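Remember, predicted model here, so these are calculated numbers, not experimental data. Just follow the structure's listing: the first ligand is 1, and inside any ligand the first atom is 1.
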Amino acid sequence: MFPGRVLLKNRMIIGLAFGLTVMLTVWMAACGRPSPSEHAFTFETMGTVASCQLTLPPDLSANQAEAMVRETFAEVNTTLSTWLPNSEISRLSRAAADSAVTVSPLLRTCLLTSQQLHEKSAGAFDPTAESLMRLWGFYRRQGRLPGQAALDSALADLGQWHMEGQPGRVIKDKPGTQFDLGGIAKGLAVDLAAGRLRKAGVQNGLIDLGGNLYCLGGAPGRENWRVGIRNPNNRNELFASVTVTEASVATSGSYERFVDIDGRRYGHIMNPATGHPAEGLLSATVIAEDGILADGLSTTLFVLGPVKAQLFLSKYYPQVEAVLVAPAQTGKMATVWATKGLRGRLSLQPGFEKQYQVIFKEK
Ligand code: ADP
Ligand code: MG
């Protein structure tokens, strides 16, 4: 789902708010005056904030580049937002059971990747978690503890759909099955934007759509980008950073969107195995070669929890890097599980060594 404006967020900052600004300022000072080829802009879209920092080639104006990104995100929103009654995904959710619906290439890409993640994760990633999101009150933005009968009924609506034929029609097997692509759509959107910018000649740039990042090349004067990861215990600060180039970064965390019920906080990522919000991790960050995978996988790993997430990655996605933050056991430090490929790339921010213990694991 793409939440409304009240829940605006920008989960993982790079240094965009501070670091980048600082970095840019330093860079500009070195050059004497701002380079006309640098263009940074921020706008609201898809229920969140998009921020871009691009180095423009001579034949691409700032207006053209900005329009390219804005139109891309608007197109994805119009197609995939659960919040728009006439989006393609909302119409598919309303379709009668057993009727074959031809879907657009954008929606098909999203559903195919979702299906693969669903199968490989034994159902942890589920593009039909809509029934659970609704049940727990995430669409009304008011939490409600579900009774067992309602929980059973929502669980029975999960996953009752399939695709058939080429190029692929979607068929719901139960009328109650509805889609929520909030766990994957922003990743697809940054891929599309990055692809279009690259085609227009942009070699260095950063696209951040509500914490789903795509890093083209490097920051001005650098070969890569240094991406900050939010402290899941205090989302206003970064606890670590990682260097990234030509890849996407996405983080899932229950601290991003939640409801409070009877004094307890419940996060917005559902565990289809229990019907309850997933609780095994504080956050899951994924670095993958494209955004759709980084976004989909961050949600999947969050649901799987620390142990299953590591097994799942080594079995199906050995090329993907991840940072999993597990809650602290009483009296101990929180554990950060990072894949071995991040050695030398992942570093804790000063002062966080006392709170977080980083363990690099073989994939
Ligand atoms: P964010 O929406 O903050 O970017 P995620 O990428 O982790 O975070 O996606 C969480 C969203 O995914 C939820 O708000 C909901 O729309 C959807 N969702 C919830 N549970 C699941 C699940 N088990 N599988 C797939 N999508 C889910
Ligand atoms: Mg996700």
Item to complete: May I ask you to identify, for Ala250, whether its side chain, its backbone, both or neither come under 4.0 Å of ligand 1 on a heavy-atom basis?
Response: neither
Item to complete: Rounded to the nearest 0.5 Å, what's the gap from CG on Leu158 to OG1 on Thr177? Could you check?
Response: 7.5 Å
Worksheet entry | Over 12 foreign heavy atoms within 6.0 Å of CD, Gln64 | yes
Worksheet item: Could you give the distance from CG (Asp191) to CZ (Arg198), rounded to the nearest 0.5 Å?
Response: 9.0 Å
Discussion item. Show me which atoms of ligand 1 lie under 4.0 Å from any heavy atom of His268.
Written reply: 1 (P), 2 (O), 3 (O), 8 (O), 10 (C), 13 (C), 14 (O), 19 (C)
Worksheet entry | Min heavy-atom dist Gly210 to ligand 1 below 4.0 Å | no
Worksheet entry | Subset of ligand 1 atoms that lie under 4.0 Å from at least one heavy atom of Ser252 | 5 (P), 6 (O), 7 (O)
Fill in: Crowding at CZ, Arg70 (>12 non-hydrogen neighbours, <6.0 Å)
yes
Practice prompt. In sequence, state the C-alpha distance, the side-chain angles, and the governing distance for Phe239 and Leu348, and then conclude on side-chain contact (heavy atoms from CB on, under 4.5 Å).
Written response: CA-CA 6 Å; Phe239 87 98; Leu348 289 179; 3.7 Å; yes
Practice prompt. Could you say whether the N/O atoms of Asp295 and ligand 1 ever approach to under 3.5 Å?
Written response: yes
Discussion item. Distance under 4.0 Å to a non-hydrogen atom of Pro272: what atoms of ligand 1 satisfy this?
Written reply: 23 (N)
Worksheet item: Are Arg196 and Glu75 ion-paired here, with the side-chain N under 4.0 Å from a carboxylate O?
Response: yes
Practice prompt. Give the atoms of ligand 1, by number and element, whose distance to some non-hydrogen atom of Asp180 is under 4.0 Å.
Written response: 15 (C), 16 (O)
Item to complete: Answer with yes or no whether Ala124 contacts ligand 1, where contact means a heavy atom under 4.0 Å from a ligand atom.
Response: yes
Fill in: Pair Lys172 + Glu130: basic N to acidic O under 4.0 Å
no
Worksheet item: Which ligand 1 atoms are under 4.0 Å away from a heavy-atom of Arg257?
Response: 2 (O), 3 (O), 14 (O)
Worksheet entry | Output field: ring centroids Trp136/His268 closer than 6.0 Å | no
Item to complete: Would you please test Arg169 and Thr102 for side-chain contact (heavy atoms from CB on, under 4.5 Å) and show each step?
Response: CA-CA 5 Å; Arg169 282 162 307 177; Thr102 302; 3.4 Å; yes
Worksheet item: Should Lys186 be counted as touching ligand 1, given the test is an N or O pair under 3.5 Å?
Response: yes
Worksheet item: Taking both backbone and side-chain atoms of Asn271, is any N or O found less than 3.5 Å from an N or O belonging to ligand 1?
Response: no
Fill in: Numbering as shown, the atoms of ligand 1 that approach Gly182 to under 4.0 Å (heavy-atom distance)
2 (O), 6 (O), 9 (O), 11 (C), 12 (O), 16 (O)
Fill in: N/O separation below 3.5 Å, Thr299 to ligand 1
yes
Discussion item. Taking distance alone, with N or O pairs closer than 3.5 Å, would you say Ala129 contacts ligand 1?
Written reply: no
Fill in: Distance filter under 4.0 Å to Gly183 heavy atoms, resulting ligand 1 atoms
6 (O), 9 (O), 11 (C), 12 (O), 17 (C)
Worksheet item: Any non-hydrogen atom of Phe302 lying under 4.0 Å from ligand 1?
Response: no
Discussion item. Classify the ring geometry of Phe312 against Tyr317: parallel below 30°, tilted from 30° to 60°, perpendicular beyond 60°.
Written reply: tilted
Practice prompt. Would you give the angle at the Mg ion (ligand 2) between Thr299 atom OG1 and Gly183 atom O, to the nearest 10°?
Written response: 90°
Worksheet item: About how many Å separate CG of Leu297 and OG1 of Thr285, when rounded to the nearest 0.5 Å?
Response: 12.0 Å
